[in-house]
Every structure is written in structure tokens, then in C-alpha cells.
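Below: the structure, in C-alpha cells.
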Amino acid sequence: MGGLRAAEALRRFGYTGAITVIGDETWAPYNRPPLSKEVLAGEVVSHETVAFPQRSSTADVGWVLGHRVVSADLDNDTVTTDDGEVFEYSHLVVATGLRPKRQVYPNNIHSGRHIIRTLDDAMGLRDELQPGARVVVLGAGFIGCETAATARKLGCDVTVVAPGTVPMLRPLGNELAQELQRRHEAQGVKFLMKRTVSDLVGEARINAVALDDGTELPCDVLIEAIGSLPNTEWLEGNDIDIVDGLLCDENLRAKTKTGLSWPNVWGVGDVVRFPNRIFDDVPRRVEHWNIPSECAKYVGNAIATGEAGEAFRPIPSFWSDQFDVHILAFGLLALADSSRLVQGSIDGDCVFEYYRGDQLVGAAGIGLRSVVQGYRKNFES
Amino acid sequence: MIKINVDMNKCQHYGMCVFEAPKVFKLNDEDKLEYLATAEDSELGNVEAAIDVCPMQAIFIVD
Ligand SMILES: Cc1cc2nc3c(=O)[nH]c(=O)nc-3n(C[C@H](O)[C@H](O)[C@H](O)COP(=O)(O)OP(=O)(O)OC[C@H]3O[C@@H](n4cnc5c(N)ncnc54)[C@H](O)[C@@H]3O)c2cc1C
Ligand code: SF4
């Protein structure tokens with residue numbers, strides 16, 4: 001997504017040079033969020049239903065799809081793909097996103113195990129979500145909970161297993177998180193919190209998972225949604241910081257290990273760790289859908305005009321759909337140490353404010369869109 | 001003139017589009033999306049920006 005948006009932004013801001021987008025997936029850019037929601041719930045998962053529209057402004061962009069970049073030489077301005085082709089660049093936009101973390105078990109069988117990041121992942125999972133299938137979702141973040149809701153809607157018998165006390169605690173805070181758990185349970189999703197999977201049971205294919213309390217849970221389909229790792233291995237060997245995503249300065253330029261900035265290496269999307277002055281100077285990765293587009297706009301403008309201008313300070317926003325619950329949020333809720341209900345009631349539509357000390361760091365709501373949208377102005381410069 | 005279509009089966013009334021093209025999109029008193037099916041050519045940039053920010057990718061320009 002970030003790659004496409006960067007190409008679009010470069011053209012929009014008047015860049016006329018050649019643009020090449022290299023991606024290891026064979027599909028043209030598509031929208032990921034439906035993969036855990038409506039697309040997974042549909043009869044068929046197809047590229048058509050999630051593909052981003054192609055604009056005439058980017059008709060002359062060179063797409064190199066199905067090829068992985070294996071290395072980069074930032075001193076000599078080149079990247080190399082898996083088939084040995086070397087590409088020279090004047091500017092490099094790093095937008096390689098994340099991949100799901102995988103657990104390795106003593107009995108590390110593969111059949112029946114799934115992750116969900118790509119269209120191919122969703123296609124592989126869709127066929128297995130048959131009515132009555134016993135589905136275990138490992139991890140209770142947004143993607144885990146959304147996938148659990150979708151599997152339940154498809155008639156599966158769904159159990160979420162996760163180490164935390166309540167699902168989605170970090171992004172939503174205790175009160176809203178507990179309410180979401182209640183709403184999931186009302187739809188028949190089971191939660192085994194403060195539990196993890198210690199091993200898999202089965203020979204050719206998984207038929208149960210062993211939990212850390214010694215019990216076994218029958219399982220036909222295991223969905224692993226335990227967080228993500230940045231795709232930065234291809235950048236290794238350069239003078240940059242990729243300890244947790246690509247560290248960038250407030251202009252989205254990659255930083256060197258000594259704190260300088262590369263003039264022509266930029267970060268876009270999930271893969272970037274960047275500071276956001278709305279909140280503080282601490283660089284963070286932000287895995288929200290609006291971030292790639294915001295980064296791309298900023299970087300496209302900076303490259304096209306030759307000037308980065310003011311610091312990058314996007315307003316993070318996210319939404320999540322689980323059963324008939326539609327959550328919309330602005331800000332960085334995970335920074336909060338307290339939250340309070342400001343409108344509506346928790347068992348219906350409601351809006352919460354999130355605070356770090358007495359600083360408002362975010363707002364989230366179920367329904368009441370206009371109220372939640374109104375919080376944007378609190379974060380505008 | 002540009003013609004705009006929102007797939008109301010997809011739209012979840014998040015209202016992101018409203019900020020990009022307020023002349024074309026708005027949330028009504030019941031927080032439901034209302035939009036103009038046609039707009040001046042000068043709105044094209046804003047409508048494209050609305051298309052980009054729509055979480056459900058529900059907005060289309062019809063030729
Ligand atoms: C199932 C799912 C549901 C989501 N739901 C929501 C939601 O409801 N709300 C929300 O706000 N956000 C949601 N998100 C998050 C949102 O989709 C992401 O933030 C967004 O897709 C990030 O875009 P990106 O361009 O940074 O990364 P990506 O879209 O991951 O793009 C990176 C691309 O680079 C490729 N790549 C990686 N390494 C290499 C390499 N070495 N060489 C070549 N190509 C490479 C990858 O294969 C990938 O195609 C969801 C994500 C997922 C997976
Ligand atoms: S941004 Fe998309 S989903 Fe939201 S109100 Fe507009 S059309 Fe509907």
C-alpha cells in the first residue's frame with residue numbers, strides 16, 4: 001500500500017522522473033483490512049474485491065512484482081532483487097511493511113495452521129472456515145479478534161487463547177476492552193485469557209493444541225495472530241538502525257547509527273519507527289492503515305519539491321469491525337494511562353477519551369461517528 | 001462534471017471522506033453518510049483524496 005501511495009504522491013507533487021515499485025507479492029497493490037473482515041466472510045476471496053484502483057497518473061510506473069529485494073547498498077544507491085537484478089536509485093522509499101510473528105513448537109506441524117497478512121493467506125484460510133470447524137485463535141489483538149468474529153459468523157466454534165487479561169487491552173484500555181470481550185462472548189466466541197499454546201497435537205495435521213496449564217483444546221484450524229515483525233532484513237549491513245523497524249527522523253529520512261540522516265532514503269508505512277510531535281519525541285512504529293498514505297504524501301512531496309519542510313506529524317486513526325461493533329479512534333491510545341467515558345453508555349454507543357497524565361492522547365468510540373471525528377481537531381497543528 | 005458512487009453495502013459511515021471533500025460528502029444528523037452524485041471537475045483532487053482515505057474503499061468515480 002505504501003509503495004503505491006508513494007508513487008501516486010510523487011506524481012501528484014510533480015515528480016517527473018522514472019518510478020519503479022518492487023514487491024514480492026505477485027498481486028498488484030490491494031487493501032489488507034478486509035482480509036480479516038468482510039472478504040474473509042465472503043464466499044470467495046479474490047484480488048478483484050480488494051485491489052486498489054489504478055490511477056492514470058501512475059500508468060508509467062514500472063511494477064516489478066513477485067520479486068523480493070534481497071539487499072541494499074545505501075552508499076552506492078542500489079538495491080538487488082532475488083533474481084540478481086540490480087536497480088540504481090536517486091531516492092529509495094522503504095515500504096516493506098510487517099510479517100506475522102511465528103511460534104516454533106516442539107511438534108511443529110504445519111497443516112491446519114494459518115496466519116493472516118496477505119491475500120494468499122486469506123485465500124488459504126477461507127476454505128478451512130467451514131461451519132462447525134473448531135478454530136483456535138492465538139492472540140487477542142485487533143487482527144485476532146476480528147478474525148475470531150468472522151470465523152464465528154461463518155459458523156465455526158471459536159476460542160481465543162491469549163496471555164493478557166483482556167483482549168485488545170493495550171489499544172483500548174480496560175473498560176472498552178472488557179466490553180468488547182462481553183460482546184464477543186454474547187456471540188458465542190470463547191476466551192481463554194492468561195493462557196498460551198505450548199505445543200501442537202496431531203500427526204500430519206493439527207487436531208488439538210496443548211495449553212500451558214496442561215489441558216488440551218480440540219483444534220481443526222489454528223490462526224496465529226501474535227503480533228508482527230518488520231521486514232527489514234534486506235537493509236542489513238548499512239549504516240541505519242533496524243532494531244525495531246527502520247528508524248527515521250521527523251522528516252521520515254532514515255537515520256544513521258550516529259544520529260545523522262540519509263538524504264535520499266525514506267521510510268513509509270508500518271515498517272517505520274518515527275517520532276510524532278503531536279505526542280513527544282519518541283520514535284514508534286504505528287500499525288494503522290492511514291499511516292502509509294500520510295507518510296507517502298509527506299515523502300512524495302519532499303522528493304518532488306526537494307524540501308521536506310515541517311516535521312511529519314500525522315494524526316493516527318484506526319477502525320475495527322467485529323460483529324456489529326464498529327470502533328473508530330484517533331490518536332495513540334496505547335500511550336494512555338487512563339481513559340474515561342465521556343458520552344453514551346458502555347453497553348450501547350459510547351465515546352472514550354484517553355489520557356497520559358492530563359494530556360489527551362486519543363479518543364475512541366463505538367458508533368457516534370461525528371463525536372469521534374470531532375476529536376481530530378484536538379491533534380491538528 | 002464527475003460522477004460519484006458510494007457502495008452503500010460497503011460504507012460503514014466512518015466519515016473519513018468528509019474531511020477530504022466536504023463539498024461532496026457529509027454525515028447527517030443520524031451519523032449516516034450523504035453525498036452528491038455529481039460534482040464539479042475542480043473537486044476531482046478532493047474526491048480522489050476521499051477515495052484514498054475511505055477505510056472500506058467504498059467510493060468510486062464512474063466514467
Ligand atoms: C488482516 C489485517 C487487517 C487489518 N485491519 C486494519 C484495520 O481494521 N484498521 C487499521 O487501521 N489497520 C488495519 N490493518 C493494518 C493496515 O493494513 C496496515 O497498516 C497497512 O497495510 C500497512 O501498509 P504498508 O504499505 O506499510 O505495508 P504492507 O501493506 O504490508 O506492504 C508491504 C509490502 O512489501 C512487501 N515486501 C516485504 N519485504 C519485501 C522485500 N524484501 N522485497 C520486496 N517486497 C517486500 C510485502 O510482501 C508487502 O506486499 C490490518 C492489517 C491486516 C494484515
Ligand atoms: S470514508 Fe468510506 S466508509 Fe467512511 S463514510 Fe466515507 S464512504 Fe463511508
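Lettering of chains follows the sequences in order, A, B, ..., and the numbering in each one begins at 1.
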Q: Would you mind checking which part of B/Phe60 comes under 4.5 Å of any heavy atom in chain A, side chain (CB onward), backbone (N, CA, C, O), both or neither?
A: neither
Q: Go through the atoms of A/Gln373 and report whether side chain, backbone, both or neither lie under 4.5 Å from a heavy atom of chain B.
A: both
Q. How long is the gap from NE2 on A/His288 to CD1 on A/Ile315, to the nearest 0.5 Å?
A. 12.5 Å
(Q) When you compare the side chains of A/Asp321 and B/Tyr14, does any donor N or O come within less than 3.5 Å of an acceptor on the partner? (A) yes
Q. Hey, does the Lys NZ or Arg CZ of A/Arg152 hover above the aromatic six-ring of A/Phe323, less than 6.0 Å from the centre and inside 45° of the axis?
A. no
Q | Contact class of B/Glu30 relative to chain A, heavy atoms under 4.5 angstrom | A | neither
Q) Quick one: do the A/Asn31 and B/Gln57 side chains pair a donor with an acceptor below 3.5 Å? A) no
Q.
If you take the centroid of each ring, where Trp contributes its six-membered ring, are A/Tyr30 and A/Phe52 closer together than 6.0 Å?
A. no
Q.
So for A/Glu8, is it side chain, backbone, both, or neither that comes closer than 4.5 Å to the heavy atoms of chain B?
A. side chain
Q) In terms of heavy-atom pairs under 4.5 Å with chain B, which of A/Arg55, A/Lys37, A/His326, A/Lys297 leads? A) A/Arg55
Q. Is it true that A/Phe330 and A/Tyr375 have ring centroids separated by less than 6.0 Å?
A. no
**Q.** Side chain, backbone, both or neither of A/Leu4 within contact of chain B (heavy atoms, under 4.5 Å)
**A.** neither
Q.
Need one label for A/Ser57: side chain, backbone, both or neither, based on atoms under 4.5 Å from any heavy atom in chain B.
A. neither
